[in-house]
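Accompanying notes for the structure given below.
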Amino acid sequence: MTPSHDVVLVGGGGAGLRAAIAIAETNPRLSIAVVSKVYPMRSHTVSAEGGSAGAIGADDSTDEHAYDTISGGDWLCDQDAVEAFVTEAPEELLRLERWGCPWNREADGRIAVRPFGGMKKKRTWFAADKTGFHMLHTLFQTSLKYASVVRYDEWFVTRLLVDDGRVQGVVAIDLQSGKIEAITARSVILCTGGCGKIFPFTTNASIKSGDGMALAYRAGAPLKDMEFLQYHPTGLPFTGILITEAARSEGGYLINKDGYRYLQDYALGTPQKEPVLRTMELGPRDRLSQAFMKELEKGRTIETPYGHVVHLDLRHLGEKKIDAKIPFVRELCRKYQNLDPVKDLIPVRPVLHYMMGGVHTDIDGATPLAGLYAAGEVACVSINGANRLGSNSLTELLVFGARAGKAAAEHASRNLEISQSVLGQARDEHRRIEQELLNKKGSERIADLREEMQKTMEESAGIYRTGASLMKAVDRLRSVQERYANVAIEDRSKAFNTERVSALELSNMLGVAETIVMSALRREESRGAHQRTDFPKRDDKRFLGHSLVHRNPDGSARVEYLPVTITRWPPAERIYGEAAPHGGSNKAPGSSLPS
Ligand SMILES: Cc1cc2nc3c(=O)[nH]c(=O)nc-3n(C[C@H](O)[C@H](O)[C@H](O)COP(=O)(O)OP(=O)(O)OC[C@H]3O[C@@H](n4cnc5c(N)ncnc54)[C@H](O)[C@@H]3O)c2cc1C
């Protein structure tokens, strides 16, 4: 019997579990499948450290959170989505507390909030520096309350089933037995996370291979703003392990080889004793990563066997504060870098961290393909625009996980039939996997192809890009694609065939890499995290729009544009440092619209 549910969730991370709870609450009669290629608690959400944003302080407002998000995103965010996001953020965070999330508190009992990059008020809720761990635990244990949630742990989804213009389920491999099965449903929500593994140096877990983006794209749903990838300024040089922004929000400095706080040279303000919001080390991530590249050009970085680095200096914070507020930073430095930040400098360099783009959805997580929804890092709603502010992502999982869950539940509650033809599609997929990935003798090694793809992306589509570098990437990726047709799979076993999974993930990453490069090539301007040295200025006349990449019937990519939704904050210059617009105004500098 083909397993059948009302809603299939692909992904058991923060977005997936929040959506599962929302579905169960919206319609308790619906049967919900959570399909995840790893046990849910191993999803990448578990590794988030710094915190989750939501305006709660007496001096803060949702309008200010909206303005910071929109200016941080270089005016590419859809402002209606941002308004919904900032309004629902504190409600979601409080709900999480009622479900058991142990937020840090002040001595007087109020929720503690910390400053975060690009935010002009303290609004990042945290549970020490293991926020994602606590959030995911809370969501996981809450999801266990609902008997209607059925889990398919360690099942890998390879295809969406589409008929009659509607998504009607998925095909997945049960990794334990090797069995390939269709799981039908009236709604499918993709919650598969990001795609950092397309790049060689990343904070992302190795499971982050953009599977959901590839699934949606192949099924005919467009991907949005794929050229916008975030580099986090502080990764450990060899492993790429993240040193959370919380280290800077607690007062850490970034210094170059001369011990100089170099960010003062990049229009990010002047050094102060205490951290100043939106200034210096608390500037936005795109600007900080770009400043590193400029320091590198000036010869002011430090060469190491694992690339050039600058230093993060926490020594002046003292042991007590480090142990109280960022204990995990100390633990990571000791274990992986063999140093103690209480007395040593931490070598850091920019590291690929987050995907702003993703599956194109509306404000309720719906894609243009009926029955298909997306939420979390795999989706582009878009609230992150051209550059996400740290700590907005965890909140996005909650707000848009819940919204997508509700919308998918309503769709699944309608009386829609599952077509018989999707079972035929599932048999085709079964044959394809057997033929291409179990019974074939190729000669190309997966690791070689993956390395070539990652090198191509770093060299051609990294922090700075040009038309020429991107054109080169198109050719190099095409050649890797051709070689992939001859990939070698030596492991013929069925149970936990990780080689087969790696091949499928590589195929997904190659598809997603192409969409990134094609979107980057079309956008002839510099905005947020997309910096074209051949077009160094933001160009609102031509490019105040979302790129949408569609797959043509012949498999090639086609890029179109969609206008950005502007509600109350017309495009303005991004200003950081002491000159940044502080205070309670919700108007953009130079705004002439009534608020
Ligand atoms: C080290 C690190 C620290 C971070 N810190 C912060 C922070 O402090 N604050 C913040 O706001 N953001 C932070 N982020 C970003 C944030 O954590 C992520 O964007 C977010 O957790 C993604 O959640 P998700 O639910 O979308 O996906 P994930 O948590 O990545 O979950 C994806 C799920 O999809 C499943 N899946 C994927 N492909 C398939 C497939 N083919 N078949 C079946 N299942 C599949 C996986 O098994 C998994 O369950 C951090 C990110 C990293 C990497």
Side-chain angles (χ1 to χ4, degrees), residues 8-19 33-54 89 114 116-117 124-127 129-133 135-136 139-140 151-160 170-175 183 189-197 202-205 207-215 230 232 234-236 239-246 249 328 332 351-356 358-359 374-379 384 388-398 400-401 404 501 504-505 507-508:
V8 166
L9 285 147
V10 188
L17 295 177
R18 180 65 191 90
V34 176
V35 185
S36 176
K37 67 179 174 179
V38 296
Y39 188 74
M41 274 308 299
R42 291 175 179 264
S43 305
H44 189 74
T45 301
V46 82
S47 60
E49 299 166 31
S52 192
R114 60 167 43 129
F116 241 62
T124 297
W125 304 38
F126 58 98
D129 52 1
K130 293 189 176 167
T131 308
F133 172 87
M135 287 177 67
L136 196 58
L139 290 167
F140 184 60
R151 292 217 321 275
Y152 292 73
D153 294 344
E154 299 182 326
W155 283 59
F156 186 100
V157 173
T158 66
R159 178 174 170 164
L160 296 175
V170 302
V171 178
I173 307 173
D174 172 3
L175 297 176
I183 308 174
I189 315 183
L190 296 170
C191 299
T192 49
C195 59
K197 277 289 158 185
T202 174
T203 61
N204 283 194
I207 52 174
K208 296 194 71 171
S209 45
D211 297 355
M213 297 170 196
L215 289 168
Q230 175 165 82
H232 192 292
T234 58
L236 292 181
T239 54
I241 288 174
L242 178 78
I243 298 300
T244 169
E245 198 161 292
S249 79
F328 195 42
L332 289 171
V351 56
L352 199 284
H353 184 55
Y354 181 83
M355 176 41 126
M356 266 75 74
V359 180
E377 195 173 335
V378 67
N384 298 308
R388 171 181 73 100
L389 293 188
S391 75
N392 267 352
S393 170
L394 288 176
T395 313
E396 177 177 2
L397 309 179
L398 301 175
F400 292 98
V501 169
L504 287 162
E505 288 177 337
S507 158
N508 290 337

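As the structure lists them, so they are numbered: ligands from 1, and atoms in each ligand from 1.
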Quick one: are Leu398 and Leu139 in side-chain contact, heavy atoms under 4.5 Å? yes
In plain terms, say whether Lys208 and Glu377 are close enough for a salt bridge, that is, a side-chain N and a carboxylate O under 4.0 Å apart. yes
Euclidean distance, Ile183 CD1 relative to Tyr152 OH, rounded to 0.5 Å: 5.0 Å
Rounding to 0.5 Å, atoms CD (Glu245) and OG (Ser391) come to a distance of 7.5 Å
Sorted by chain and residue number, the residues having a heavy atom closer than 4.0 Å to an atom of ligand 1 are Val10, Gly11, Gly12, Gly13, Gly14, Ala15, Val35, Ser36, Lys37, Val38, Ser43, His44, Thr45, Ser47, Ala48, Glu49, Gly50, Gly51, Trp155, Phe156, Val157, Cys191, Thr192, Gly193, Thr203, Asn204, Asp211, Leu242, His353, Tyr354, Gly376, Glu377, Arg388, Ser391, Asn392, Ser393, Leu394, Leu397
Could you check whether any side-chain heavy atom of Arg151 comes within less than 4.5 Å of a side-chain heavy atom of Tyr39, counting everything from C-beta outward? yes
Do the side chains of Tyr354 and Asn384 get nearer than 4.5 Å, heavy atoms only? yes
